[in-house]
Amino acid sequence: RSESYVTLALLDAANDRDPVVQEQVRKSILTLGNQQPDKVLSMCQDYLLKHPKLVVGHRVVILQTIELVVKSRIDDISYPKIKSVIQLASDEMTKSKEVVPEWQQAASNILVAVGNKYINDIMEEILRKFQPGVLPHFFVVQTLANLSDSNVYGMVPFLNAIMGTMLPMLGMTKQDNMKWVFSSALCHFSESILEYLANLDKAPDPTVRKDTFSSEIYSAYDILFNSWMQSRESKLRLTVAEALGSMSHLMAHDKLEEQLPKLLPTILGLYKKNSEHYIISKSLCQILEASVNMGSRVLETQIDGLLVALHQQVSVSFTRYLSNTFPDRLMVFVLQRLENSNKRNRMGSLAVLRHLINSSTSIMETKRLLILASIRQPLADHSNKVKKRVVQVISAMAHHGYLELEGGDLLVRFIIQHCALPDTYHVQTTEVTNEALRSMCDNTLHLFTTTVGRLTDVLWPMLLCYLTPNQYANATTPLCKSLILLANKKQTAQEPNFIIDFNAQGVNAAFPFRCRGHGAPSLSLLHAISPNIHPKAEPLWENEIPKLVNYFEVIGMQGVAMGIGLCASSHLDGTLEKLEEFGKSDAFRKASGIFGLLKDKNDVDVEKMKSTLILCYGYVALHAPEDKLLTRIDSDILHNISKNFNTKVKQSALFIECFCTFQHIESWLSSGQDHERERAVKTTAELLQFYLDNLRVKNLVTFHNLGALVGRLAPRCTDPNPEVRRAAIDCIYRLMYIQLRYEGFSLDYKDDSVEGLLVVREKLSNPDHSVLYKTCSELTKRLPQQQLSTLLFMLYDGLVDAQSNCSRASSVILNTLLKNRGAGLQDLVPEMLEVLHNRLQVIGEEQVKVAIGQSILILATQHLQTVVNTLVAYPLPYDSWSCEMWIALGADSTLALQIMEMIIEKLNVMVPYVDKKESMLRPGLTKVATSQPLAMTCALREMMLNGQSADAVAYLFPKLFSALLVRLGSSVGVQLPKDLNSNSIISDHICVSLCCVLSVAVEALRILLGRAQLDAVMKPLDQEGAWDKMKDPHQHTTGVTLLSRAMAKHAGPRLPSIVESLCPSLCNIYECQRITVTAFFSELLNHHVVTELMILDMLMNNMMERITDTCGTVRMLAVRGLGNIAVGSPEKVNKYAKELLAAMSSGMEENDDPGKLITLEAMSGMSKILLYLDQKNVHLLVVYIFMKIKPFLENVSENDEIRCASIMLLGNLSKFGSGEPVFKDQIHNVLVSLLLHLSDPNPQVVKACKYAMRICAPVIGSEQISAMFQNHLLEEKGLHHGEFINDLTKYLVRSKSFLYYKNTHRIAECLVMLLQDPDPLVRVKAAEAMGHFH
């Protein structure tokens, strides 16, 4: 009958690989079973008996189906069939002595389902396999346990006898899995007994009592506790613990009391040995409940150990038993634990405290003040997790009257403080965010206002006090909402305290030197925001406030100095010692300049400190005792002043006079006003002349300030003001002679080069800057080597001079100096580069920026390795100024060539990424980019942006292209280091985007092609979106394929060198690099240019080697490349026929191919090469190849692409199989599948079917059918599928080789055939239809 035929087919399909199909098959069998339960159950039984070697998965599905039929139709199944089902399930469950969980559990479930109605029959069968003295099968015990759960009233009467038989077995049990199942069964038995006793009014035997089982339970307890609990297997220990918890309720009271001192510590000890704490806590709660219920006296002796161990579990369930019995000890314990700063301890204590406040109101009444005092410590905890628990406790306290007590206002303040939390920027994934905590506090404040009526007088008007302080600004919204609700409530109730007396509040007056001297900053702020105060305030305050601020500063400095001076009047030695110590402190280490007055950039505070120190020494000299001062003036006071200002002064009066004068001049040297600069420079010239006239040098010494002074004054020689220029020349002239005096030359000595300055001076009305620069540069050569660095850094300061002429002069002198003497400054290179980087940030003059680029080039020429290492180490992402420095290095083609070669060499050997575990919560490793290769890729990008690098790029193009392509591969799926992500938000001047590692390499490669003038290559890449595809890890190989195609079409001559450079990367340990290079090579084989360039053999050999690569993607791309030879060089296909056929066949047999991508490429490649292979190379393999693709045509293909490829391959194969009877039979076998797919929703599949059927038509053996295929299955012509099938059916019916069935059996056979369809949806619908055969 058709029903039997359909049911049998469904049983065959019950183990379908698709879970949706499998589920539908099960539903259909169940539908049939609901109509004819006895018949379907018989067929299921027969099927299992006839297929004793059926795979476990298939067997399980059928057993599960039997269970479903039994559950749904147990009342309609005949008793004889029930008996046979019991026998079948029992045999299936115990057939294998080994435990096969899935199979035996399915059989056990049938017994449990039947046992809900036929418990006596089930027990009769089970107890035959549960005999005294013989260890039963694992699942026999498991079934008894599950039966006790599903049928309590039916099983409990059997349990006394079952446990009597079981007890001797416990001592015989040696294997852990049997111990586990016995323990589990005892747990289930105990719970069933307890449920039975709790519902005696519904029980069939109301005479059953607890003590009926006490003796057996205690005997079992003895073995479980004293023997099995000691097992090393954690799963067994937990199950034993769970059983002991349930069994404790059934033990005799005296026995439980006796065991508690041993039982409780043992259970507590499990917390340390096991990570799964729920079962332990459940068991412990049951034991405590049993102990409390029987009024145990021993429990009190265990309370301390219980509290300590359970506190870590944050399990509040145990407080239910302990808070009512031992309230004082529990409260003291919890409050003591609050003092512990350990986060976990504190969170546990807060959770228990909250539970106690909520659940034990009467007991806690006398302890409210103690709790209020103890909660203060957790308020200061920094962890948001702890704070969250604190908020929960405060909420509980609010509802029980704690906040009205003294100290309650602190808790309200805590809530408001956390309503004002800022947003989270960096937080651990396990921590509570500021946003979450803030939201919780907002809600809590709202609840206080709306639901806790007793807090109204606490919150009003206190909340108003939090509106104005700035630290609570973020809480304004929730505060206002609460105040509005409170005000409306007060006003509606006409409460007298609604009106607030604001005059009672005091106002603080500001004193300038209080609060860490807040007077001057406050005035400065008013100055800055004056337009916001009132338009008329701005001009007034612009004049008055700076005077007040200056007054404050002068008063402050003078006050300090006077205080120090008064100290020196009676404690000179100690005062001088402290001043000297302060002078050596870190505050002065970065100070430099003329006489120690020239300050670092923006280092105003250092200047103030130095001025104050000088003033202090002056007041020390004023107030110190005269008899002591004379011995200290030279050795301590003048010595320390001179050391602080980098000059050796032998004539004290001369030094002090020059110093005091210059103190007032220095700041005007670079003034924006011409007359101020003129006066300052002229005064400096006079000052230097005075110094020179009065200088007496007895011994040869160094003029330490020469470098600083020359560096400061030389740029002024090109000042826009001619008077300033002349005065500056005078300054340089006098400085040179001061140096000559220090070197020992006589007063009347004249130096020709110095005298040449006078000639230059006379021509400064219309100066020749080249002569001036040359003269200044010549003079700088005279500078002692040890002062060179000082001069350089002064010139760096000059680069930002407000006068463009002067900044340019600084740059010219600087570069001349570096060219002439930079070779000896290697140690200073990193510092000089850092200064240049800083100067670039503030320089607006384009000519000076160009000069800085020249400075970097000069340094690189002299110290290439140091410059490259320093710049590579700059933080990523590079800011725009770092990028300018790298671009500058591209300006010299020879130098750029050296740097690029250096970077390429390092990129080829450096580790591109490291595998890191991102989170303990997430499995697997994350690829994180290493910084140096990433930085070098960015550097290459910037250098190539300089048009002057074109020659270097042209020379190194193959190596650069190869290195960047490999770098591209190394970047797929690689994440940025976390510190780089944080750097990227710091500055607005990021030049190189580091949104992902892959983008950096793609951008560098794009710039390389542009610099190499390969516009023809770039155009198709831009049009096809190849750059974005390369950046996308999912489309990366597609992007690389487009790149390879463009190179093959438009840059052919460059390919041999590129291929040669890339070949070593195919053996690299990095899978991602092999994928990228293989994708590139694979596409090259698609183009005839590789044959013309004679690199075909090299590429084919590499692809052959990659066929066995460990990476599936590499193997897939290699197969694709081998197939591409049929397109690129079809004339070479037969040369490689043997290798190509072997590779494609191997690809179709690939096992490690989850997405069938290798299979797809192998079939596509086979189709392509078959078009060009000779008959002699293929005819012996036709049937073999067909058998390889047949599964994909019928029932294995999982996607349209594979289906399409297999159909196309079938068509291409047919020309080699004509005349082969075996091939003809195979075509007949797959014809139905082809016909079905003519209506496939995918047009590509339809197109492939039409092609294959046209090509295969002659093989079918019917001229009419062949003609029909040729006429109707045209590629671009539409097809009316219904009419076509109707006409074809008529031909098939007339054909002697086909049978036509008009009855139901034909439909059943068709459905059975469709049940083998490769499309899961077709199989689902077929199975669904088969469910209606009843």
Side-chain angles (χ1 to χ4, degrees), residues 883 886-908 933 936-971 991-992 998-1031 1036 1039-1065 1073 1076-1077 1079-1081 1083-1084 1087 1089-1090 1092-1093 1095 1099:
C883 292
W886 277 112
I887 291 171
L889 290 175
D892 184 309
S893 186
T894 304
L895 193 64
L897 183 68
Q898 291 178 266
I899 297 172
M900 288 177 182
E901 284 184 322
M902 190 186 303
I903 290 176
I904 291 169
E905 184 180 343
K906 291 190 175 183
L907 282 177
N908 288 336
M936 289 178 176
T937 310
C938 295
L940 277 178
R941 171 196 184 279
E942 297 307 316
M943 289 180 66
M944 291 188 295
L945 285 173
N946 194 321
Q948 301 301 315
S949 66
D951 291 343
V953 167
Y955 183 78
L956 290 174
F957 182 81
K959 290 184 178 180
L960 281 168
F961 184 89
S962 302
L964 288 175
L965 186 65
V966 172
R967 177 65 192 162
L968 188 67
S970 308
S971 306
C991 184
V992 179
L998 202 49
S999 295
V1000 177
V1002 170
E1003 185 67 10
L1005 191 58
R1006 189 182 65 80
I1007 291 169
L1008 170 66
L1009 295 177
R1011 185 57 61 217
Q1013 297 182 340
L1014 293 176
D1015 296 339
V1017 174
M1018 293 184 69
K1019 185 177 179 181
L1021 294 178
D1022 293 337
Q1023 291 172 344
E1024 295 168 351
W1027 304 114
D1028 290 334
K1029 288 184 173 68
M1030 282 186 241
K1031 294 176 189 177
H1036 174 72
V1040 173
T1041 299
L1042 292 171
L1043 172 65
S1044 178
R1045 184 179 304 161
M1047 291 294 290
K1049 288 181 178 179
H1050 306 291
R1054 299 176 185 259
L1055 289 176
S1057 300
I1058 291 173
V1059 170
E1060 187 177 352
S1061 297
L1062 286 173
C1063 281
S1065 299
Q1073 294 180 357
T1076 299
V1077 177
F1080 188 79
F1081 281 6
E1083 176 59 24
L1084 289 182
H1087 304 273
V1089 69
V1090 297
E1092 297 167 6
L1093 294 169
I1095 55 175
L1099 291 171

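For reference, positions follow the sequence shown, starting with 1.
- When all heavy atoms are compared, the tightest approach of G969 to T1076 is CA-OG1, 2.9 Å.
- Atom CG of L965 and atom OG of S970 lie 9.5 Å apart (nearest 0.5 Å).
- The shortest heavy-atom contact between A891 and Q948 is O-CB, 3.2 Å.
- Across all their heavy atoms, I904 and A963 have their closest contact at CG2-CB, 4.1 Å.
- In this structure, S1061 and S962 approach most closely via the heavy-atom pair CB-OG, 3.1 Å.
- Remark: E1092 CD is packed, more than 12 non-hydrogen atoms of other residues, nucleotides or ligands lying under 6.0 Å away.
- Here the straight-line distance linking atom CG of L907 with atom OG1 of T937 works out to 5.0 Å at 0.5 Å rounding.
- A distance of 8.5 Å separates CG of D951 from OG1 of T894, quoted to the nearest 0.5 Å.
- In this structure, R1054 satisfies the cation-pi test against F957, with its NZ or CZ atom closer than 6.0 Å to the six-membered ring centre and inside 45 degrees of the ring normal.
- You'll find the side chain of M900 reaches within 4.5 Å of the side chain of M944, heavy atoms only.
- Residues H1050 and P1020 are in side-chain contact: their nearest non-hydrogen atoms beyond the backbone lie under 4.5 Å apart.
- Residues I903 and I899 are in side-chain contact: their nearest non-hydrogen atoms beyond the backbone lie under 4.5 Å apart.
- When side chains are defined from C-beta on, L1093 does not count as touching V1059, because their heavy atoms never get closer than 4.5 Å.
- Residues S1065 and V966 share a closest heavy-atom pair of OG-CG2, 3.3 Å.
- In this structure, L1062 CG and F1081 CZ are separated by 5.0 Å, a value rounded to the nearest 0.5 Å.
- Side-chain contact check for L1043 versus L1005: some heavy-atom pair is nearer than 4.5 Å.
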Could you walk me through whether M1030 and L998 pass side-chain contact (heavy atoms from CB on, under 4.5 Å), step by step?
CA-CA 8 Å; M1030 282 186 241; L998 202 49; 6.0 Å; no
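- Checked against salt bridge (Lys or Arg N to Asp or Glu O under 4.0 Å), R1006 has the following partners two or more places apart in sequence or in another chain: E1003.
- Residue Q1013 holds its CD atom at 12.0 Å from CE of M1018, rounded to the nearest 0.5 Å.
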Take C883 and E942 through the test side-chain contact (heavy atoms from CB on, under 4.5 Å) and record every step on the way to the result.
CA-CA 6 Å; C883 292; E942 297 307 316; 3.4 Å; yes
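- Residue K906 qualifies as enclosed at atom NZ: its count of foreign heavy atoms under 6.0 Å is above 12.
- Counting heavy atoms from C-beta on, the side chains of E901 and L956 come closer than 4.5 Å.
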Stepwise side-chain contact (heavy atoms from CB on, under 4.5 Å) test for N946 and W886:
CA-CA 9 Å; N946 194 321; W886 277 112; over 6 Å; no
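- The two residues L1055 and A1048 have their closest heavy-atom pair at CD1-CA, 3.9 Å.
- Under the 3.5 Å distance criterion, the side-chain polar atoms of S1044 are left unmatched by any main-chain donor or acceptor of V1040.
- The backbone N or O of T1041 sits nowhere less than 3.5 Å from a side-chain atom of K1029 that would complete a donor-acceptor pair.
- Looking only at side-chain heavy atoms (C-beta outward), V1002 and L968 come within less than 4.5 Å of each other.
- With rounding to the nearest 0.5 angstrom, the CZ atom of R967 is 14.5 Å from the CG atom of L960.
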